[in-house]
Student: 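Next up is a structure, given as C-alpha cells.
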Amino acid sequence: MTAITYELIKTDQKSKARRGRVHTPHGSIETPVFMPVGTAATVKAMRPDEVKQMGAQIILSNTYHLYLRPGHQIVKEAGGLHKFMNWDRAILTDSGGFQVFSLGDLRKITEEGVEFRSHIDGSKHMLSPEKSMEVQNALGSDIIMAFDECAPYPADRGYVKNSLERTTRWLKRCKEAHENTEIQSLFGIMQGGMYQNLRYQSAMEIVELDLPGYAIGGLSVGEPKELMYEVLDYSVDYLPANKPRYLMGVGSPDYLFEGVERGIDMFDCVLPTRIARNGTAMTSQGKVVIKNAAYERDFSALDPECECYTCKNFSKAYLRHLFKSNEILSSMLLSNHNLYFLIHLMDGMRKAIEEDRFLEFKKEFYNKYGKL
RNA sequence: GUGGGUGUAGUCAAGCGGUUAAGACACAGGGUUGUGGCUCCUGCAUUCGUGGGUUCGAUUCCCAUCACCCACC
C-alpha cells in the first residue's frame, strides 16, 4: 500500500485530457491540478489560509532551500513541514535536482551525487539520492520527488543519455533510501532531453520500478514551444495510465492547456507568483503589465471576469500605484489574483473534460487570451 | 545695500581647457516557466541658467546679466 493512489475518473472523448483524483494522507486532489510553489515553506506574499481559500489543493516546497535554511532537522523538530508552515493540505517537495541544474556554476556532478556551494553563504554541501530522501523524509511532504539530473537545452545525445541513465540509477537509490512509504510517496522523473528514443528509454527504466506517480522533467528549459509540445506528445504515452503524470515547472496558461490536452495531471510553476511580484498579471483578456503607464488612470478592475479578492475590490490604477510605490500589498494582491486565475482555469478545464468539451473550452480561452 | 557661494536630465549630482557630458534615483519599455528574483535587461542631456569674450578648441577661463542660497548691515 502506498501513501498516494490515483483514480482515473474520465477521459476526454476528443483528446488525451483526463479527469482524475489523487488520494493523499492530507486529502484528495482533483486533477488536472495546478500546484502553487512555496519554495521556502511559504507561497511568497500569501498567507496559507488565503491559498487554501482560493482553492489550492496542494502546494510545492523545496528540499534544497529548506535543507540550507532553516535545516530539515528544525522542520522535523517543529513537527514536520505541514505543521511548521500551517498548511494542512497536501505538499509535494522537489528533490533539489533542479537547483543542481539552475545553480550551474559552482557544482560538481559525480555518480555519488552533487557537490555544490550554498547560494546563501558559500558553504560546501553534498546532495545525493540518499541525502535528498533523508531531507524529504524529515520534511514529511506527501509526495517526494526523486533526485534527478535535469539536462540543459541544448545538449547532445551522448550527454543526455548518460544523464538519464544516471538519473535512473539515482532513482533506484532513492527508492531504496526512502523510509516513510506509508505516509509519503516517491515519484520518479523521466528525462531524455528532446530525443524521442531517450525519452522512451527513460520511461521504460523508471516505470519498471512501479512507483506511485511519474513526472516529466527536463522540459521548459529554454527549448522552443513547438518542440516542447512535440516531446510532450510522445512522452506522456510512455507513462502508465493508472498513475498520476506530473509535468514539472510549467505554468503559463497556454502550457497548461497543451499539457492537459496531452494527458498531464499535475503542474507546478513559480511563474504566477514571480511575475506578480514583478508587476504583471495573467487575466482572461491576456497579460496585463500593471506597471505600465497606460494604467495610471485606469480605474477598472484588473480582470473584469475574475471573482478574486483583488479584482472585486481594487482598480488597475491602485494596483499600479502600489507596485510603483514598492508597497508590500502589491505583491500580495497580484499574487492572490494570479494564483486564483490559474487555479480557476484548472477548475474550468476539469469541468470541460467532464462534459467532453475540453477542446472547445481551450479554443474559447485562446480567443480571448490572445498571445501568451 | 555689502560680502561670499551655487547654477549640468524630473531629482541628487560627477566632470573643471581637448574625440560620442560619469553615476544614482525617478521615468519609459521588455523579460521571468521543478524560485539564487520586492529581480534582471534596455532606453532616457547634439548639451552644461542666459548673453558676450579669450582660445585652434570652453560645461570647464574672463566679463556682464538673471535666479537661488548664506553671512553682515
Side-chain angles (χ1 to χ4, degrees), chain A residues 34-46 58-66 68-69 92-107 116-122 125 132 136 141 143-151 153 167 187-191 213-225 228 246-256 258-259 264 266-282 287 289-296 320 322-335 338 342 371-372:
Chain A
F34 175 77
M35 307 183 280
V37 175
T39 299
T42 164
V43 177
K44 293 188 197 298
M46 298 290 296
I58 171 172
I59 60 171
L60 183 145
S61 198
N62 199 280
T63 296
Y64 168 83
H65 296 272
L66 296 178
L68 287 180
R69 189 168 57 190
L92 178 153
T93 42
D94 190 19
S95 63
F98 186 74
Q99 279 60 49
V100 167
F101 161 79
S102 66
L103 260 47
D105 34 335
L106 282 173
R107 58 154 203 214
F116 63 93
R117 284 188 178 279
S118 161
H119 70 277
I120 300 165
D121 61 8
H125 299 269
S132 180
Q136 295 189 74
S141 41
I143 297 173
I144 65 177
M145 298 307 297
F147 186 68
D148 67 330
E149 189 200 340
C150 180
Y153 175 84
T167 290
F187 277 25
I189 304 174
M190 177 208 285
Q191 288 295 341
Y214 294 97
I216 295 175
L219 286 184
S220 191
V221 288
E223 75 283 8
K225 241 173 222 199
M228 186 186 111
Y246 163 28
L247 175 57
M248 307 185 81
V250 158
S252 59
D254 52 347
Y255 277 13
L256 295 178
E258 300 301 328
I264 296 295
M266 304 163 70
F267 303 85
D268 81 280
C269 196
V270 304
L271 195 65
T273 42
R274 178 180 287 171
I275 66 175
R277 275 177 277 120
N278 294 322
T280 298
M282 299 171 177
K287 190 163 71 173
V289 183
I290 202 67
K291 63 185 169 182
N292 285 358
Y295 304 113
E296 191 176 19
R320 172 178 141 89
L322 290 180
F323 181 81
K324 300 296 285 183
S325 310
N326 270 311
E327 285 294 337
I328 293 169
L329 188 58
S330 170
S331 293
M332 293 165 64
L333 294 179
L334 284 177
S335 295
N338 282 350
L342 288 189
K371 77 284 168 204
L372 191 98

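The figures here come from the full heavy-atom set of this structure, side chains too, leaving out hydrogens, waters and symmetry mates. Each chain gets a letter, A, B and so on, in the order its sequence line appears, and its residues count up from 1.
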Student: Does Q99(A) reach the side chain of R107(A), with side-chain heavy atoms less than 4.5 Å apart?
Tutor: no
Student: May I ask you to evaluate whether N292(A) reaches the phosphate of G29(B), defined as a side-chain N or O under 4.0 Å from OP1 or OP2?
Tutor: yes
Student: Hey, is the side chain of R274(A) pairing donor to acceptor with the base of U35(B) inside 3.5 Å?
Tutor: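 Flag set: donor-acceptor pair detected.
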Student: Base, sugar-phosphate, or nothing: which does Y255(A) touch, judged by heavy atoms less than 4.0 Å apart?
Tutor: base
Student: Look at all strands and tell whether D268(A) reaches a base, only sugar-phosphate, or nothing, counting heavy atoms closer than 4.0 Å.
Tutor: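 Contact class for D268(A): sugar-phosphate only.
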Student: For the residue pair Y64(A) and F116(A), does the interplanar ring angle fall in the parallel (under 30°), tilted (30 to 60°) or perpendicular (over 60°) class?
Tutor: tilted
Student: Of the options L66(A), T63(A), D94(A), which is the one that meets Q136(A) in a side chain to side chain contact (heavy atoms under 4.5 Å, CB included)?
Tutor: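 Filter result, single survivor: T63(A).
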Student: Starting from P on C38(B), measure out to CD1 on I328(A) and report it in whole angstrom.
Tutor: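 I328(A) atom CD1 is separated from C38(B) atom P by 12 Å.
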Student: Compare side-chain N and O positions of Q99(A) against OP1 and OP2 of G34(B) and report whether any pair is under 4.0 Å apart.
Tutor: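 It does not, given that no N or O in the side chain of Q99(A) lies less than 4.0 Å from OP1 or OP2 of G34(B).
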Student: For RNA chain B, whose closest nucleotide is more 5', that of N326(A) or that of G251(A)?
Tutor: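 Per heavy-atom nearest nucleotide, the more 5' residue is G251(A).
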Student: Taking only the side-chain nitrogens and oxygens of K291(A), find out if one of them lies under 4.0 Å from OP1 or OP2 of U32(B).
Tutor: no
Student: Suppose you measure atom P in C40(B) against the same atom in U50(B); what distance do you get, rounded to whole Å?
Tutor: 37 Å
Student: Is R277(A) near enough to G37(B) that one of its side-chain N or O atoms lies under 4.0 angstrom from OP1 or OP2?
Tutor: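 No, R277(A) has no side-chain N/O under 4.0 Å of OP1/OP2 on G37(B).
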Student: How close do I189(A) and A146(A) get, heavy atom to heavy atom, and via which atoms?
Tutor: CD1-O, 3.4 Å
Student: Should C56(B) form a Watson-Crick or G-U wobble pair with both distances under 3.5 Å, which nucleotide is its partner?
Tutor: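 The answer is G18(B), by the H-bond criterion.
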Student: Could you tell me whether the phosphate oxygens of C38(B), OP1 or OP2, come under 4.0 Å of any side-chain nitrogen or oxygen in S331(A)?
Tutor: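 No, outside the criterion.
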Student: Assuming nearest nucleotide by heavy-atom distance, tell me which of T280(A) and G38(A) is located more 5' along RNA chain B.
Tutor: T280(A)
Student: Base, sugar-phosphate, or nothing for G218(A), non-hydrogen atoms under 4.0 angstrom?
Tutor: base
Student: Just to be sure I understand the rule, does Q191(A) reach a base, reach only the sugar-phosphate, or reach nothing, if contact means heavy atoms closer than 4.0 Å?
Tutor: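 The answer is base, as Q191(A) lies within the cut-off (heavy atoms under 4.0 Å) of a base atom.
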Student: When you measure only distances, ignoring hydrogens and angles, does the side chain of T273(A) come within 3.5 Å of the base of U35(B) through a donor and an acceptor?
Tutor: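 Answer is yes: a donor-acceptor pair is held.
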Student: Looking at U35(B), I'd like to know if its phosphate oxygens (OP1 or OP2) sit under 4.0 Å from a side-chain N or O belonging to N62(A).
Tutor: yes
